[in-house]
Enquirer: 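Starting off with a structure, shown below.
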Amino acid sequence: MKKIVIITASRADWGIYLPVIDAIKKHPSLELQIRACCASDIDYLEFPLFSKFNPGDEDCVLVLGDMMPMLEAAIYACQRNIPVAHIHG
């Protein structure tokens, strides 16, 4: 199973991410992990959230937009030879 890690930095991301999240959750060979960075108050969602982008066994990191936390996550992934997918912005 491939682990797809979505990075979020604000509630504003969710309108764009939700169709992608739904597709990943429905795919039988993909595992979704969502990591929140910065001051994101999305505690009410039913997805596993992490307060920081810590090392793990990611197969792909998905980032959105051009904010600094997304760049940081992309650099982290690139330094570890983890593919980065970037959408919107």
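Just so it is clear, the values below take in all heavy atoms, side chains as well, and ignore hydrogens, waters and symmetry mates. Small disclaimer: the values here were computed from a predicted structure and weren't measured.
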Enquirer: State, to 0.1 Å, how close D59 and K3 come at their nearest heavy-atom pair, and which atoms those are.
Expert: OD2-N, 2.7 Å
Enquirer: Nearest 0.5 angstrom please: H27 NE2 to M1 CE, how far?
Expert: 10.0 Å
Enquirer: Could you report the tightest heavy-atom contact between V61 and A77, atom names first, then the distance?
Expert: CG2-CB, 3.9 Å
Enquirer: For side-chain contact (heavy atoms from CB on, under 4.5 Å), just list the numbers for T8 and R35, CA-CA rounded to whole Å, side-chain angles, deciding distance to a tenth of an Å, and then say yes or no.
Expert: CA-CA 6 Å; T8 181; R35 297 190 183 168; over 6 Å; no
Enquirer: For I75, what residues pass the side chain to side chain contact (heavy atoms under 4.5 Å, CB included) criterion, not counting sequence neighbours?
Expert: L71, Q79
Enquirer: Can you tell me if M68 has over 12 outside heavy atoms packed within less than 6.0 Å of its CE?
Expert: no
Enquirer: Give a yes or no on whether the backbone of A12 and the side-chain of Y17 come within a donor-acceptor separation of less than 3.5 Å.
Expert: no
Enquirer: In chain order, what residues pass the side-chain hydrogen bond (donor to acceptor under 3.5 Å, both in side chains) check against H86, with sequence neighbours excluded?
Expert: none
Enquirer: If you group Ile, Leu, Val, Met, Phe, Trp and Tyr by side-chain heavy-atom gaps below 4.5 Å, do I6 and L18 land in one group?
Expert: yes
Enquirer: Checking side chain to side chain contact (heavy atoms under 4.5 Å, CB included) between I4 and each of I21, L30, V20, which is the one that passes?
Expert: L30
Enquirer: Is the closest basic N to carboxylate O distance between E58 and K2 below 4.0 Å?
Expert: no
Enquirer: Are I34 and I87 connected in the hydrophobic side-chain network, where two residues link if heavy atoms are under 4.5 Å apart?
Expert: yes
Enquirer: Before you tell me yes or no, could you show the steps for V84 and C78 under side-chain contact (heavy atoms from CB on, under 4.5 Å), namely the whole-Å CA-CA distance, both residues' side-chain angles and the distance that decides it to 0.1 Å?
Expert: CA-CA 7 Å; V84 175; C78 288; 4.0 Å; yes
